[in-house]
Number of protein chains: 2
Amino acid sequence: MALNPSRQRDAIMDFLSCRKDHPTAEVIYDNVKKVYPKISLGTVYRNLTLLADNGVIRRLRTRDSKDHFDADLSPHYHFMCNGCGCITDIFLDHAKELEAAAAKLTPGMITGHEVFFYGTCPSCMKAKNEA
Amino acid sequence: MALNPSRQRDAIMDFLSCRKDHPTAEVIYDNVKKVYPKISLGTVYRNLTLLADNGVIRRLRTRDSKDHFDADLSPHYHFMCNGCGCITDIFLDHAKELEAAAAKLTPGMITGHEVFFYGTCPSCMKAKNEA
DNA sequence: AAATAAAACAGTAATCATTACTGATTTAGA
DNA sequence: TCTAAATCAGTAATGATTACTGTTTTATTT
């Protein structure tokens with residue numbers, strides 16, 4: 001199951017690398033379609049899964065019911081707005097401390113962790129204040 | 001939309017309170033059915049959503065595609081095994097520090113956060129070693 | 001206690017993100 | 001050039017969850 005080259009996969013990867021908002025499969029599909037009008041949604045899903053399984057991208061499972069994808073593999077956390085659902089990066093260097101502290105409390109082996117902060121983004125706060 | 005008393009909802013709540021493994025709606029359904037054989041899956045989902053929206057229980061969205069539910073509202077984190085999918089609690093008191101540190105890096109307002117540790121649980125480690 | 005309105009129910013149908021399947025096309029390696 | 005594997009577009013199927021329907025239960029008012 002080696003990865004053969006694929007224009008479609010490259011286009012997905014290119015698009016995802018340019019975005020910092022961690023789009024969903026559907027958003028990626030809509031955008032890659034501008035370059036490859038015949039690409040199918042199934043191809044997008046298949047390639048995203050392929051890339052995630054090979055550790056090339058990260059799959060983010062959030063409070064909304066859709067998966068989001070992130071091409072930035074550097075260790076970092078995320079903030080999701082409860083209002084509009086937008087996601088932004090948060091670079092905290094607590095990773096090692098957290099895992100070490102958690103490891104002491106668990107008989108299992110910890111290999112990674114995810115942190116999601118929730119709240120209200122600036123533009124939703126503004127909208128609230130004006131209402 | 002006040003909450004009227006309901007035997008079914010109480011039974012769901014009772015069951016969930018007794019469990020520390022954060023069961024899915026389906027597992028809750030299977031178990032509450034032993035007490036109320038006529039309860040429907042829709043009732044379980046509706047009540048879980050009702051309870052979560054009223055802040056009585058927590059909804060956990062994990063790497064597996066099913067929602068899990070937690071009746072313990074005290075601030076704590078979770079560990080999920082990549083092998084069997086089991087979930088256990090991890091009580092770390094890093095909550096305030098983490099949110100304070102994150103707040104400095106975000107223009108938005110942070111109101112809460114979730115931490116999920118991933119890895120291998122003891123019984124899956126044992127199974128691996130024996131294979 | 002009888003009447004009325006709201007909440008909840010069981011059962012079932014619908015939704016929606018995601019995955020699997022199809023037969024055709026492309027690519028890698030002999 | 002030939003063969004097997006990988007990929008594709010298009011479409012059907014899956015599976016968790018939600019919405020709908022007509023009925024029953026509960027709270028409230030008379």
Side-chain angles (χ1 to χ4, degrees), chain A residues 1-16 21-70 80 85-87, chain B residues 1-16 21-70 80 85-87:
Chain A
M1 54 130 83
L3 284 199
N4 279 350
S6 141
R7 297 169 189 283
Q8 290 88 342
R9 184 157 57 236
D10 289 346
I12 290 168
M13 197 60 206
D14 287 348
F15 173 71
L16 196 57
D21 62 344
H22 318 310
T24 62
E26 189 118 35
V27 171
I28 295 167
Y29 170 64
D30 288 340
N31 281 275
V32 173
K33 208 161 39 171
K34 294 171 189 169
V35 185
Y36 291 97
K38 289 204 159 183
I39 198 172
S40 80
L41 187 53
T43 296
V44 174
Y45 272 107
R46 185 169 35 78
N47 279 300
L48 287 170
T49 299
L50 217 54
L51 290 165
D53 288 352
N54 283 64
V56 183
I57 64 174
R58 272 170 78 184
R59 181 192 298 264
L60 303 179
R61 211 145 259 179
T62 71
R63 268 192 198 166
D64 79 16
S65 46
K66 303 166 197 170
D67 286 356
H68 293 253
F69 297 88
D70 188 350
M80 178 175 237
C86 71
I87 302 175
Chain B
M1 56 130 82
L3 283 199
N4 279 350
S6 140
R7 298 169 189 282
Q8 289 89 341
R9 185 157 55 236
D10 289 347
I12 290 169
M13 197 60 206
D14 285 349
F15 172 72
L16 196 56
D21 62 344
H22 319 309
T24 62
E26 188 117 37
V27 171
I28 295 167
Y29 170 64
D30 287 341
N31 281 275
V32 173
K33 209 160 41 171
K34 293 171 188 167
V35 184
Y36 291 97
K38 289 203 161 186
I39 198 172
S40 82
L41 186 53
T43 295
V44 173
Y45 272 107
R46 184 167 36 76
N47 279 300
L48 287 170
T49 298
L50 218 55
L51 291 165
D53 289 350
N54 283 64
V56 183
I57 64 174
R58 274 169 78 185
R59 182 193 297 267
L60 304 179
R61 212 145 258 179
T62 71
R63 270 194 196 165
D64 79 17
S65 47
K66 304 168 196 169
D67 286 355
H68 293 253
F69 296 89
D70 189 350
M80 178 176 238
C86 71
I87 302 175

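Labels below follow one simple rule: chain letters A, B, ... track the order of the sequence lines, proteins then strands, and each chain is numbered from 1. The shown structure was predicted, so the numbers you read here are calculated from the model rather than taken from an experiment.
- Within the structure, every side-chain polar atom (N or O) of A:S6 is placed at least 4.0 Å from both OP1 and OP2 of C:dT26.
- Toward the 5′ end of DNA chain D lies the nearest nucleotide of A:Q8, the other residue of the pair B:F69 and A:Q8 mapping further downstream.
- Between the P atom of D:dT23 and the CD1 atom of B:I39 lies a distance of 21 Å, rounded to the nearest Å.
- DNA chain C is contacted by both B:N4 and A:R7; B:N4 maps to the nucleotide lying nearer its 5′ end (nearest heavy atom per residue).
- Rounding to whole angstrom units, OH of residue B:Y36 and P of C:dC9 are separated by 10 Å.
- The phosphate of C:dG11 (OP1 or OP2) has no side-chain N or O of B:S40 nearer than 4.0 angstrom.
- With the nearest nucleotide of DNA chain D identified for both A:P5 and B:T49, A:P5 has the one nearer the 5' end.
- When atom types are taken as modelled, the side chain of B:H22 and the backbone of B:H68 share no donor-acceptor pair closer than 3.5 angstrom.
- At most 12 heavy atoms of other shown residues, nucleotides or ligands fall within 6.0 angstrom of atom NZ in A:K66.
- At least one side-chain nitrogen or oxygen of A:N47 sits closer than 4.0 Å to the OP1 or OP2 atom of D:dC8.
- Contacts of A:T43 with the nucleic acid, taken as non-hydrogen atoms under 4.0 Å apart, include base atoms.
- Here the P atom of nucleotide C:dT18 and the CZ atom of B:R61 are 11 Å apart, to the nearest Å.
- One can place NZ of B:K38 at 15 Å from C1' of C:dT12, the figure rounded to the nearest angstrom.
- Taking atom CG on A:D10 and atom C1' on C:dT26, their separation rounds to 14 Å, with Å as the unit.
- A:L50 places its CG atom 13 Å from the C1' atom of D:dC8, with the value rounded to the nearest Å.
- A close approach under 4.0 Å does not occur between any side-chain nitrogen or oxygen of A:S65 and OP1 or OP2 of D:dT17.
- For A:L3 and D:dC8, the CG to C1' distance is 15 Å, given to the nearest whole Å.
- Panel note: side chain A:R9, backbone A:N4; a donor-acceptor pair is recorded below 3.5 Å.
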Q.
Please evaluate residues B:Q8 and B:V32 with respect to the criterion side-chain contact (heavy atoms from CB on, under 4.5 Å), reporting the C-alpha separation (whole Å), side-chain torsions for both, the decisive distance (0.1 Å), and the verdict.
A. CA-CA 8 Å; B:Q8 289 89 341; B:V32 173; 5.9 Å; no

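- Counting non-hydrogen atoms under 4.0 angstrom, B:R46 reaches a base of the nucleic acid.
- Considering A:I28, A:D10, A:V44 in turn, A:I28 is the only one that fulfils the side chain to side chain contact (heavy atoms under 4.5 Å, CB included) rule with A:F15.
- Between the OH atom of A:Y45 and the C1' atom of C:dC21 there is a distance of 17 Å, rounded to whole Å.
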